[in-house]
Trainee: 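Okay, handing you the structure first.
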Amino acid sequence: MRQGFQRKGDIRKGSTVFMGQRKVHTGEIGKAVYDLIYSSSFFLPAGVLVALQGMRDGETDRTGKETLAVLCDNAQMAPEDRLPLCQDCGAVIVFLELGQEVCLQGPGLGNSINLYTARAYEEFYLRKSIVSDPLRRVNTGTNTPCFIHTDIVEGDRISLTVYLKGGGSENMTRLKMFRPTASPDEIVLFAAESVREAGPNPCPPVFLGIGIGGTADAAMINAKRAVLRGVNTSHPDPFYAHLEQRVLEAVNATGVGPLGYGGKNTAAGVYIREAPSHIASLPVALNINCHSLRYRKIEL
Amino acid sequence: MSMDSWKSIITPFDETVARSLRAGDHVRLSGVLFTARDKAHERIGRILKEGGKLPFDLKDQVLYYVGPSPAPPGRIVGAAGPTTSSRMDPATEMMLKLGVRGFIGKGKRSDHVISLLGQYGAVYFGTYGGAAVYLSRCITSSRLVAFEDLGPEAVYRFEVKDFPAIVVNDTEGGDTYEAAIRRSVRL
């Protein structure tokens with residue numbers, strides 16, 4: 001995706017009008033990422049807090065209810081104490097929808113986003129959790145690089161989403177390549193079994209993103225995107241909305257409960273994002289997010 | 001939240017106390033906790049293998065699997081919730097041999113670790129994952145003990161007051177996480 005920018009940048013040298021009329025400095029996008037990292041790290045999105053409070057009030061298991069009360073308290077305490085919601089301040093995942101009428105100016109977009117991310121993690125006392133190499137494992141000391149996904153879309157708007165994902169829940173990620181004739185029942189079972197096996201590890205109640213279809217990589221990215229759709233929403237297609245509901249019920253019947261201590265709230269929500277697929281393939285990807293779903297969106 | 005069903009436990013504690021705790025017990029720990037996560041376990045393993053001596057004594061101590069966020073100016077410690085314990089499973093017997101009596105983290109332990117707890121007389125506590133500010137408020141002091149170069153993975157000595165935890169695995173094979181799932185099957 002980043003290569004795509006470079007190609008367009010080269011074209012721009014010859015013709016500035018080619019890329020469109022709206023000029024945006026990459027520093028402006030970097031600064032927006034900086035601001036979104038701040039709000040995501042310290043303030044639980046209103047919808048997430050409302051979901052936690054609702055589960056706390058409805059939970060019948062005593063330990064589960066106590067646990068949810070602690071999680072609600074924690075969300076109130078973070079801004080009071082000026083400490084991040086979780087000590088795992090996450091990998092920074094950025095979804096960028098870039099209107100093709102936009103003409104980017106300034107330093108490289110990826111560099112700008114990384115520069116401002118490094119500033120945010122330093123200035124807000126966030127934990128830096130990224131190593132430069134997966135096997136040599138030396139911490140970059142900046143929490144960069146970010147993981148940036150860019151789509152070029154129509155128009156002259158920029159839509160930016162910052163999503164902070166902790167390691168504990170990311171490690172519970174699953175991908176299964178189903179037979180293309182598999183029934184929705186098998187997908188429901190796969191999701192519920194995966195969350196049951198993950199048990200306490202991903203810090204439930206989880207927000208469960210499910211990518212169905214596409215190629216394996218597309219399914220995984222769709223699973224990531226799906227949990228950012230909006231906490232209290234269901235799929236616009238009734239077929240998938242029904243499937244989300246079935247998965248939610250199956251996951252909550254596992255009894256894992258809040259942080260694995262037991263109860264009826266194992267998932268706070270289920271979010272499906274589907275994609276066209278090869279005739280031979282039916283990938284299903286699970287993005288298991290902890291109870292601390294930290295993200296923000298902005299339009300530039 | 002009522003406090004009356006919570007047991008108050010002073011840390012460090014001995015084997016008798018460890019063996020008296022049962023899976024499902026809600027406890028409030030007051031006293032000392034040592035922090036250690038992946039890199040500290042690796043470093044301790046290397047020192048022991050080379051025949052070296054550790055710069056701290058873990059006999060009867062409780063280990064907290066945590067890598068806090070940096071402490072802002074004027075604060076004792078940053079956000080400090082538990083990390084996933086299973087990553088430390090392969091190095092847990094080493095810690096038990098050093099005399100560790102309790103471990104605090106989040107998530108399941110291996111069957112091997114669960115059996116070692118009975119053998120050595122130690123317990124595994126779960127605390128509240130993702131309640132990092134709530135738990136930070138229970139930490140009354142923090143002192144760097146070793147491996148400063150490991151940053152958030154260095155070994156710190158915390159003093160805590162009424163730090164909440166639940167006994168997940170006891171010395172008799174009890175398992176709170178398994179019990180939670182079994183409860184739902186019965187319903």
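Chain identifiers are assigned alphabetically (A, B, ...) following the order of the sequence lines, protein sequences preceding nucleic acid strands; residue numbering begins at 1 within each chain.
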Trainee: With a 6.0 Å cut-off (strictly less than), is the heavy-atom count around CZ of B:R22, excluding the residue itself, greater than 12?
Mentor: yes
Trainee: Quick check for you: to the nearest 0.5 Å, what is the distance between A:R127 atom CZ and B:E153 atom CD?
Mentor: 7.5 Å
Trainee: Got more than 12 heavy atoms from elsewhere within 6.0 Å of CD, B:Q119?
Mentor: yes
Trainee: Just give me the residue among A:N171, A:L83, A:V256 that pairs up with chain B most often, heavy atom to heavy atom, under 4.5 Å.
Mentor: A:L83
Trainee: Which atom names give the shortest non-hydrogen contact between A:Q87 and B:G67, and what distance separates them?
Mentor: CG-O, 3.3 Å
Trainee: Can you establish whether the number of heavy atoms outside B:K161 located under 6.0 Å from its atom NZ is more than 12?
Mentor: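 Counting other residues, nucleotides and ligands, NZ of B:K161 stays at 12 neighbours or fewer.
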Trainee: With a 4.5 angstrom heavy-atom cut-off, is it the side chain or the backbone of B:P68 that approaches chain A, or both, or neither?
Mentor: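 For B:P68, backbone heavy atoms alone lie under 4.5 Å from chain A.
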Trainee: Taking all heavy atoms of B:A132 and all of A:C86, pick out the closest pair and write down the distance.
Mentor: CB-CA, 3.7 Å
Trainee: Pick one of side chain, backbone, both or neither for B:S136, based on which atoms fall under 4.5 Å of a heavy atom in chain A.
Mentor: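 The side chain, not the backbone.
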Trainee: Hey, is the main chain of B:G129 close enough, under 3.5 Å, to the side chain of A:H291 for a donor-acceptor pair?
Mentor: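 Yes, the answer is positive, given that a donor and an acceptor are paired below the 3.5 Å cut-off.
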Trainee: Is it the case that atom CG in A:D57 sees more than 12 heavy atoms from other parts of the structure closer than 6.0 Å?
Mentor: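 More than 12 within 6.0 Å, yes.
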Trainee: What closest approach, in Å, do B:W6 and A:E66 show between heavy atoms, and which atom pair accounts for it?
Mentor: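 Closest heavy-atom pair between B:W6 and A:E66: CZ2-OE1, 3.8 Å.
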Trainee: Are any of the side-chain heavy atoms of A:F124 and B:P72 separated by less than 4.5 Å?
Mentor: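 Heavy-atom side-chain distance check fails, nothing below 4.5 Å.
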Trainee: Rounded to the nearest 0.5 Å, what separates atom CD1 in B:I181 from atom CD in A:E197?
Mentor: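 With rounding to 0.5 Å, CD1 (B:I181) is 9.5 Å from CD (A:E197).
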Trainee: For A:N139, is it the side chain, the backbone, both, or neither that has a heavy atom closer than 4.5 Å to a heavy atom of chain B?
Mentor: neither
Trainee: Do you know which two heavy atoms are closest between B:G107 and A:P200, and how far apart they sit?
Mentor: CA-CG, 3.6 Å
Trainee: With chain B as the partner, which of A:T266, A:T63, A:L71 has the greatest number of non-hydrogen pairs under 4.5 Å?
Mentor: A:T63
Trainee: What are the two closest heavy atoms between B:S69 and A:P84, and how far apart are they?
Mentor: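 Here B:S69 and A:P84 meet closest at OG-CG, 3.7 Å.
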Trainee: Students often mix this up, so state it plainly: with edges at 30° and 60°, are the rings of B:Y128 and A:Y261 parallel, tilted or perpendicular?
Mentor: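 It falls in the perpendicular class, over 60°.
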Trainee: Apply side-chain contact (heavy atoms from CB on, under 4.5 Å) to residues A:L85 and B:V133 and explain how you reach the verdict.
Mentor: CA-CA 6 Å; A:L85 289 153; B:V133 186; 5.7 Å; no
Trainee: Given heavy-atom pairs under 4.5 angstrom as the criterion, report whether the side chain, backbone, both or neither of A:L259 touches chain B.
Mentor: both
Trainee: Are B:R137 and A:E80 ion-paired here, with the side-chain N under 4.0 Å from a carboxylate O?
Mentor: yes
Trainee: What part of A:D88 gets closer than 4.5 Å to chain B, counting heavy atoms only: side chain, backbone, both or neither?
Mentor: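 Answer is neither: A:D88 stays 4.5 Å or more from chain B.
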Trainee: With a 4.5 angstrom heavy-atom cut-off, is it the side chain or the backbone of A:R196 that approaches chain B, or both, or neither?
Mentor: both
Trainee: In terms of heavy-atom pairs under 4.5 Å with chain B, which of A:A78, A:G168, A:G141, A:S292 leads?
Mentor: A:A78
Trainee: Check whether A:A75 gets within reach of chain B through its side chain, its backbone, both or neither, counting any heavy atom under 4.5 Å.
Mentor: neither
Trainee: B:P82 versus chain A, heavy atoms under 4.5 Å apart: side chain, backbone, both or neither?
Mentor: backbone
Trainee: Search all heavy atoms of B:K106 against all heavy atoms of A:N201 and return the closest pair with its distance.
Mentor: NZ-O, 2.7 Å
Trainee: Using non-hydrogen atoms and a 4.5 Å limit, figure out which bit of B:A131 sits close to chain A: side chain, backbone, both or neither.
Mentor: both
Trainee: Just checking B:D111: does its CG atom have more than 12 heavy atoms from other residues, nucleotides or ligands closer to it than 6.0 angstrom?
Mentor: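 12 or below, so no.
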Trainee: Flag the one option from A:G260, A:C290, A:P202 with the top tally of heavy-atom pairs under 4.5 Å to chain B.
Mentor: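 Counting heavy-atom pairs under 4.5 Å, the top option is A:G260.
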